[in-house]
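Just so you know, residue 1 is the first one in the sequence shown, and it goes up from there.
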Amino acid sequence: QSTSPTRRGALIVVEGLDRAGKSSQCEMLRDSLSRQGHVVKYIRFPDRTTPIGKLIDSYLRGSSHQDDHSIHLLFSANRWEISKSIEEDIANGTMVIVDRYSYSGVVYSAAKANPTLSLEWAWRPEIGLPRPDICLFLRISPEEAAKRGGFGAERYENGEMQTRVRELFQTIFEKQQDVSIIDAGKSIEEVSQEIQGAVAGCIARLDVTGALRKLG
Ligand code: NYM
Ligand code: MG
């Protein structure tokens, strides 16, 4: 008697600037995949609940200072500490939706224009983490982002930083495979439909008996 191998889940990453609508879109995607009968988990980085996450949270709120390299490595460590559980979930067939990942990690750090913190340097600690099966980049113009209200009070939420982050996202996603660029300036419903279409295509193409790949 043959036992069919477990179909693995997909690792779905949603990236974009602040105000692009990532969190609402992740929730809508979670609900639509659940309705289709998938087991779904929605997580976000930084995960501010762990001890490392609490250090990151205090840095982002401006209540503590960190060296640029140190905080970069903490963001990366925060992904590494969750990576085992992501791999287990995927192996068990769960669809894992991730709000921000290594791409935010490298662009926000490199946007600081610290001479010893290049994109290349920033990418190194990400090597070996689970590789997304699909990365959805929610692209939004500065004008549209501005219409959605002012910046929040956290570190990085200012025009100068967001402009550099926008340029660097562009730079890394030109070279990256498996990225779907989504025009996030459209209505919430239209954006959600586009995301669902891209994710359905990814799931259809997935080698469900193969293993999750790793970032290289
Ligand atoms: N951020 C997020 C980083 O600088 N590096 C990272 O690795 C990640 C995952 O944290 N402005 C920044 C981008 C955001 C900030 O994220 C908080 P959010 O999604 O606004 O909670
Ligand atoms: Mg934010």
Side-chain angles (χ1 to χ4, degrees), residues 10-36 38 40-48 60 75 79 95-112 119 122-123 126 130-206 215:
L11 180 55
I12 302 160
V13 164
V14 178
E15 281 282 9
L17 282 98
D18 297 279
R19 304 242 168 270
K22 288 182 300 302
S23 304
S24 320
Q25 290 298 336
C26 285
E27 286 167 14
M28 289 167 82
L29 179 61
R30 175 194 59 199
D31 296 345
S32 107
L33 289 173
S34 298
R35 280 194 302 273
Q36 292 164 41
H38 293 292
V40 191
K41 208 175 248 188
Y42 166 32
I43 62 176
R44 55 185 308 157
F45 288 112
D47 176 347
R48 304 187 193 218
L60 286 172
F75 273 110
R79 282 183 281 282
M95 299 292 167
V96 181
I97 302 170
V98 185
D99 191 334
R100 292 195 191 275
Y101 199 55
S102 306
Y103 314 101
S104 278
V106 298
V107 301
Y108 279 86
S109 288
K112 294 172 177 175
L119 274 178
W123 187 255
E126 306 302 312
R131 179 194 292 264
D133 294 299
I134 185 172
C135 174
L136 300 142
F137 177 59
L138 305 195
R139 186 166 58 190
I140 186 162
S141 67
E143 296 74 29
E144 186 58 35
K147 275 194 235 157
R148 297 184 179 185
F151 291 116
E154 288 205 330
R155 227 183 263 265
Y156 306 159
E157 295 184 345
N158 61 75
E160 208 184 312
M161 187 70 182
Q162 299 282 319
T163 302
R164 284 202 298 268
V165 165
R166 171 188 310 280
E167 290 164 1
L168 288 170
F169 265 133
Q170 183 85 20
T171 305
I172 65 164
F173 286 140
E174 271 164 13
K175 308 185 250 195
Q176 198 75 34
Q177 299 158 348
D178 308 321
V179 182
S180 294
I181 299 184
I182 308 277
D183 177 4
K186 296 185 185 166
S187 75
I188 285 195
E189 262 313 320
E190 283 175 294
V191 175
S192 179
Q193 287 302 322
E194 263 191 60
I195 290 176
Q196 287 174 45
V199 169
C202 162
I203 293 174
R205 286 190 305 273
L206 199 66
L215 287 177

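- Between Pro142 and Gln162 the shortest side-chain heavy-atom distance does not fall below 4.5 Å.
- In this structure, the side chains of Val14 and Asp99 stay at 4.5 Å or more apart for every pair of heavy atoms.
- Looking at every heavy atom in both residues, Gly16 comes nearest to Phe137 through CA-CE1, 3.6 Å.
- For Gln25 (side chain) and Ile188 (main-chain N/O), a donor-acceptor pair under 3.5 Å exists by modelled atom type.
- Residues Val191 and Ala184 share a closest heavy-atom pair of CG2-CA, 3.9 Å.
- A pairwise comparison of heavy atoms in Ala10 and Leu206 identifies CB-CD2, 3.9 Å as the closest pair.
- Atom-to-atom distance recorded for Tyr156:OH and Ser109:OG is 5.5 Å, nearest 0.5 angstrom.
- Using a distance-only test at 3.5 Å, with no hydrogens or angles considered, no donor-acceptor pair links the side chain of Arg164 to the main chain of Gly159.
- Ile12 pairs with exactly one of Val96, Ile195, Leu33 by the side chain to side chain contact (heavy atoms under 4.5 Å, CB included) rule, that one being Leu33.
- Scanning all heavy atoms of the two residues, the minimum distance from Pro132 to Leu215 falls at CD-CD2, 3.9 Å.
- Annotation: the span from Gln36 atom CD to Ile203 atom CD1 amounts to 6.5 Å, rounded to 0.5 Å.
- Looking at heavy atoms from C-beta onward, Met95 lies out of side-chain contact with Arg30 at the 4.5 angstrom threshold.
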Using residues 165-176 as the side-chain source, report each donor-acceptor pair under 3.5 Å to any protein atom, sequence neighbours left out, with the distance given to one decimal.
unit_1	atom_1	unit_2	atom_2	d
Arg166	NH1	Ile140	O	2.5
Arg166	NH2	Ile140	O	3.4
Thr171	OG1	Glu167	O	2.9

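- The line from OG of Ser141 to NZ of Lys147 is 7.0 Å long, rounded to the nearest 0.5 Å.
- The main-chain N or O of Leu138 is never found under 3.5 Å from a side-chain atom of Glu15 such that the two would form a donor-acceptor pair.
- No side-chain heavy atom of Cys135 sits less than 4.5 Å from a side-chain heavy atom of Asp178.
- Judged purely by atom type and a 3.5 angstrom limit, Lys41 has no side-chain atom pairing as donor or acceptor with the backbone of Val98.
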- Intermediate values then yes/no, side chain to side chain contact (heavy atoms under 4.5 Å, CB included), Glu194 and Lys186: CA-CA 10 Å; Glu194 263 191 60; Lys186 296 185 185 166; 2.8 Å; yes
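- Note that CG of Asp31 is 9.5 Å distant from CD of Gln196, once rounded to the nearest 0.5 Å.
- Side-chain contact check for Tyr108 versus Tyr103: every heavy-atom pair is 4.5 Å or farther apart.
- Side-chain contact between Phe75 and Phe45: absent, with no pair of heavy atoms (C-beta onward) separated by less than 4.5 Å.
- In this structure, Glu126 and Ala122 approach most closely via the heavy-atom pair CG-O, 4.0 Å.
- With no hydrogens or angles considered, a side-chain donor-acceptor pair links Ser187 and Glu190 at under 3.5 Å.
- Between atom CD of residue Glu144 and atom CG of residue Asp183 there is a gap of 8.5 Å, rounded to the nearest 0.5 Å.
- Side-chain atoms of Glu154 never come within 3.5 Å of backbone atoms of Leu60 as a donor-acceptor pair (strictly under, hydrogens ignored).
- Remark: Arg148 engages no residue in a side chain to side chain donor-acceptor pair (under 3.5 Å) (not counting sequence neighbours).
- Residues Leu29 and Tyr42 fail the side-chain proximity criterion, which asks for heavy atoms closer than 4.5 Å.
- With rounding to the nearest 0.5 Å, the separation of CZ in Arg139 from CG in Leu17 is 11.5 Å.
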- Task: Would you check, one step at a time, whether the test side chain to side chain contact (heavy atoms under 4.5 Å, CB included) holds for Met28 with Glu189?
- Result: CA-CA 9 Å; Met28 289 167 82; Glu189 262 313 320; 3.6 Å; yes
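- With a 4.5 Å cut-off on side-chain heavy atoms, Ile97 and Val199 do not count as touching.
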